[in-house]
Novice: 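Here's a structure for you.
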Amino acid sequence: MFRFRRTVYCDNNATTQVSKKAQKAVAGLLGRCYANPSSPYRMAHEAAGILADARACLAKAVNAPPESIIFTSCATESNNSLRAIAPLLPPDKRAIIHSPLEHPAMLETLFHLERQGFSLIALKPDRQGRIGPEELERAWREDVGLAVCMAANNESGTLYDVKAMTAIAHARGALFFSDMVQALGKIPVDLLDSGVDYASFSAHKIHGPKGVGALYVREGAPFAPFMLGGHQEEGRRAGTEGLHNIAGFAAAAEDVPLLLAGAGDLCRRRDALIAALRKLAPDCVVNSPPAPECQPGTLSVTFPGKANAVLMGQLDYYGISVAAGSACNTGEDTPSHVLTAMGLSPEEARSTLRISLAHDFSDKDLRYVIAIFSDVLSGAGDTVTAVQPSRLTPEMLFAPDVFIIDLRRSLKTDYALKPLPNSRSFPFFSIGKHLDEIPRDKHILVTCEVGYDAPIIAYYLRRKGYRRLSFLTWGLLGWKLVRPELYARFAGGDGHAQGDG
C-alpha cells in the first residue's frame with residue numbers, strides 16, 4: 001500500500017532532538033567564549049561566569065543548591081561515581097540494595113562493586129516494573145549502607161516513589177542514589193523535597209547536547225571524586241569543563257517548565273495510541289503501567305509472535321523510529337534485562353517495542369503512526385521475505401543470482417559464528433556508504449549473527465530502491481541450530497569476502 005512517508009521520531013528515551021535554543025547556546029560559545037574557566041585573565045572570567053550561571057540554571061530546574069551540582073561528561077560517568085562513593089561506607093554497611101531494572105550504566109557499576117567485595121540485594125518488580133516502598137522495607141538487611149533506585153524506567157516508563165524510599169533508607173542509616181535521567185522534563189523533580197543523597201542527569205534526554213551530564217551530591221553526603229586530576233568543579237571532578245555543552249545543558253534546562261506543561265497532552269496521545277494498538281492487535285500486551293504511575297510519553301508493548309526486529313524494520317521503512325525491548329545484537333541473542341526482570345519470557349521480550357514520545361509529537365503524527373501500525377500488523381504494508389533457517393539450502397547459498405550480505409557490528413575477525421559461504425561482510429552501522437557495492441540486478445539475502453540486524457537492514461535497502469530482498473530469520477545462530485550439518489560443511493568456507501568497512 002502506498003503512503004506518503006513522514007518522519008516521526010518515537011525513540012526519545014534514547015535521545016532527543018537538540019532544541020534550537022540549546023543549539024544557539026552551544027554554537028555561540030564555540031565562536032565567542034573559548035577560554036578556560038579556570039584561568040585568571042578577563043576572558044576566562046567571562047567563561048567562569050557562564051559556568052556559574054549554567055550551574056544555577058540546572059539547580060533551579062531540579063530545586064537544589066547550585067553548589068550541589070557537579071557537571072560531568074554524561075550520566076554514565078555520574079552513575080560510575082558510585083565506584084568512589086561506595087568505599088566510603090562503614091565496614092559493617094557494605095551491602096547495596098537496588099532495583100534490577102536500572103540502566104546498564106548503573107547495573108555494571110554495581111556489578112563492579114560486587115566484584116570488589118560489596119553485597120548486592122536485588123528488589124523484585126511486578127509485571128509492569130513497579131517497585132513500591134514496601135518492597136524496599138521487605139528486602140532490607142542490617143548491613144545495607146546504600147539503596148539505589150531510578151526515578152523513572154527507560155524501557156517501561158514506570159515511575160518510582162524515591163522520596164518514600166529515601167526516607168526508609170535514611171531511617172535505617174543508609175544513603176540513597178537515584179538515576180533521574182528519564183525523570184527530568186517528564187515529571188517534576190525536586191531534589192530537596194525528595195531528600196536523595198545523590199542523583200544523575202543527562203542533557204541529551206531533555207533536548208540538550210550529548211557529552212554532558214550532572215551529578216547531584218546532597219550537602220553533607222559522603223563524597224570522593226571519581227575523576228582525578230585537576231581542581232575543576234571545586235575539586236570534585238577533574239577535567240576542563242566543556243563550557244559550550246554545559247551552556248547547552250542550561251539552555252535545555254530552562255525549558256523544563258515548558259516540557260512539564262505539555263505532559264497532559266502527551267499522556268493523552270500516548271493513551272490514544274495504546275487504545276488504537278489494542279484494537280489493531282487485541283492480543284498485544286502493554287507492559288507500561290497507566291498514568292499516573294508512568295511517564296507521559298513512554299509505552300512498552302509486546303506483540304506476541306512478531307519479532308521486534310522485523311517490526312522495527314517495517315516501521316523504519318515508513319519513517320517511524322522506535323526501539324526494541326531486547327538488547328542490540330552483540331553476538332548473543334540476549335533479551336532485555338528490564339523486561340525479563342519484570343517477568344517476561346525471552347520470547348516475549350524479543351516481541352516487544354518501546355515507543356517514547358516527545359512534547360512535539362502531534363495529533364497528525366499520532367494519526368500517521370496508527371495508520372502505519374495498521375498496515376504493518378495487518379500485513380498490508382510493503383514486506384520483505386523472511387527466509388527460515390530450514391530453507392537455507394546449498395542451492396540458495398550458491399545460486400549465481402543471489403548476493404548474500406553478512407552484517408557485522410565490529411571489525412573483529414574472530415566471530416563466534418562463521419559467515420555463510422559466498423557472502424560479503426558489510427558494517428551494520430555504515431552500510432549506507434557501501435550501496436554501490438551491492439548489486440541491484442540480483443536477489444539480496446541479508447544475514448547477521450542472531451537475526452536482529454538483518455530485517456532492519458533489509459527494510460533499509462527496500463527504502464533505498466532494492467526490490468528483490470529477503471533476510472535470514474534467527475540469523476546464523478538459527479541456521480547452525482536447525483541445519484548443523486550444513487553449517488559444519490559450509491560456514492566460513494571459500495567464497496566469503498570481507499568488506500572495506
Side-chain angles (χ1 to χ4, degrees), residues 13 62 79 82 93 95-104 106-107 110 119-184 186-200 216 218 263 267 270-271 274 285-302 325 336-345 348-349 352 354 356:
N13 284 8
V62 298
N79 288 341
L82 265 183
K93 297 284 187 178
I96 303 174
I97 195 166
H98 69 95
S99 160
L101 311 178
E102 297 294 308
H103 189 277
M106 182 66 79
L107 278 184
L110 292 171
S119 299
L120 298 185
I121 306 167
L123 299 170
K124 295 181 179 180
D126 70 8
R127 183 57 174 70
Q128 292 184 303
R130 289 172 290 213
I131 300 175
E134 65 281 357
E135 169 62 15
L136 182 65
E137 288 186 311
R138 186 199 65 77
W140 200 272
R141 291 189 338 206
E142 290 297 319
D143 59 342
V144 171
L146 174 70
V148 174
C149 185
M150 56 184 14
N153 187 263
N154 54 301
E155 288 198 32
S156 67
T158 307
L159 300 177
Y160 302 95
D161 190 347
V162 296
K163 180 178 179 179
M165 289 183 170
T166 299
I168 292 170
H170 286 178
R172 291 158 174 77
L175 300 167
F176 196 92
F177 194 125
S178 183
D179 179 334
M180 295 192 171
V181 167
Q182 295 291 345
L184 185 60
K186 298 169 183 175
I187 60 171
V189 172
D190 189 327
L191 292 177
L192 290 181
D193 180 66
S194 71
V196 298
D197 301 290
Y198 314 96
S200 55
Y216 164 79
R218 180 185 57 78
C267 188
R270 168 188 175 270
D271 289 347
I274 292 174
V285 179
V286 175
N287 305 307
S288 302
E293 298 177 286
C294 187
Q295 293 173 351
T298 301
L299 167 61
S300 171
V301 57
T302 301
S336 160
H337 72 278
V338 170
L339 297 178
T340 54
M342 288 165 53
L344 276 72
S345 69
E348 290 170 327
T352 299
R354 181 190 69 186
S356 48

Novice: Could you please spell out the steps behind the side-chain hydrogen bond (donor to acceptor under 3.5 Å, both in side chains) verdict for S288 and S300?
Specialist: CA-CA 5 Å; S288 302; S300 171; 4.9 Å; no
Novice: To the nearest 0.5 Å, what is the distance between CG (L344) and OG1 (T352)?
Specialist: 5.5 Å
Novice: I need the minimum non-hydrogen distance between S336 and A349, along with the two atoms involved.
Specialist: N-CB, 4.4 Å
Novice: Which is it for K93 and L175 under the side-chain contact (heavy atoms from CB on, under 4.5 Å) test, yes or no, and what are the steps along the way?
Specialist: CA-CA 10 Å; K93 297 284 187 178; L175 300 167; over 6 Å; no
Novice: Search all heavy atoms of Y160 against all heavy atoms of G129 and return the closest pair with its distance.
Specialist: OH-O, 2.6 Å
Novice: Would you call E348 and L339 a side-chain contact if the rule is heavy atoms closer than 4.5 Å?
Specialist: no
Novice: For the pair T158 (side chain) and Q128 (backbone), establish whether a donor and an acceptor sit closer than 3.5 Å, ignoring hydrogens and angles.
Specialist: yes
Novice: Does a sphere of radius 6.0 Å around NZ in K163 hold more than 12 heavy atoms from other residues, nucleotides or ligands, not counting ones at 6.0 Å or beyond?
Specialist: no
Novice: Do V148 and M106 have side-chain heavy atoms sitting under 4.5 Å apart?
Specialist: yes
Novice: With distance as the sole test, does D197 use its side chain to make a donor-acceptor pair with the main-chain N or O of F177 at under 3.5 Å?
Specialist: no
Novice: What are the two closest heavy atoms between A169 and W140, and how far apart are they?
Specialist: CA-CH2, 3.7 Å
Novice: Check whether any side-chain heavy atom of I97 lies under 4.5 Å from a side-chain heavy atom of M165, and answer yes or no.
Specialist: no
Novice: Does the R354 side chain pair with the main chain of N154, one donor and one acceptor, at a distance under 3.5 Å?
Specialist: yes
Novice: Taking all non-hydrogen atoms of both residues into account, name the closest pair between P100 and H337 and its distance.
Specialist: O-CD2, 3.4 Å
Novice: Looking at Q295 and Q182, would you say the former's side chain and the latter's main chain have a donor-acceptor pair under 3.5 Å?
Specialist: yes
Novice: To the nearest 0.5 Å, what is the distance between CG on L136 and CD1 on I168?
Specialist: 5.0 Å
Novice: Under 3.5 Å, is there a donor-acceptor pair between the side chain of N287 and the main chain of S156?
Specialist: no
Novice: Side-chain contact, heavy-atom cut-off 4.5 Å: Y216 with V196?
Specialist: yes
Novice: Can you name the closest pair of heavy atoms from C294 and R270 and give their distance?
Specialist: SG-NH2, 3.4 Å
Novice: L82 vs L146, test: side-chain contact (heavy atoms from CB on, under 4.5 Å). Steps then yes/no.
Specialist: CA-CA 10 Å; L82 265 183; L146 174 70; 3.4 Å; yes
Novice: T298 side chain to G157 main-chain N or O, any donor-acceptor pair under 3.5 Å?
Specialist: no
Novice: Can you tell me if S178 uses its side chain to pair, donor with acceptor, with the backbone of M180 under 3.5 Å?
Specialist: no
Novice: Judged by atom type as modelled, is there a donor-acceptor pair below 3.5 Å linking the side chain of N153 to the main-chain atoms of L101?
Specialist: yes
Novice: Rounded to the nearest 0.5 Å, how far apart are CG of L299 and CG of D271?
Specialist: 9.5 Å
Novice: What heavy-atom pair brings I131 and S99 nearest, and what distance separates the two atoms?
Specialist: CD1-OG, 3.6 Å
Novice: Report the distance from atom NE2 of H103 to atom OG of S200, rounding to the nearest 0.5 Å.
Specialist: 10.0 Å
Novice: To the nearest 0.5 Å, what is the distance between CD on E102 and CG on D179?
Specialist: 6.0 Å
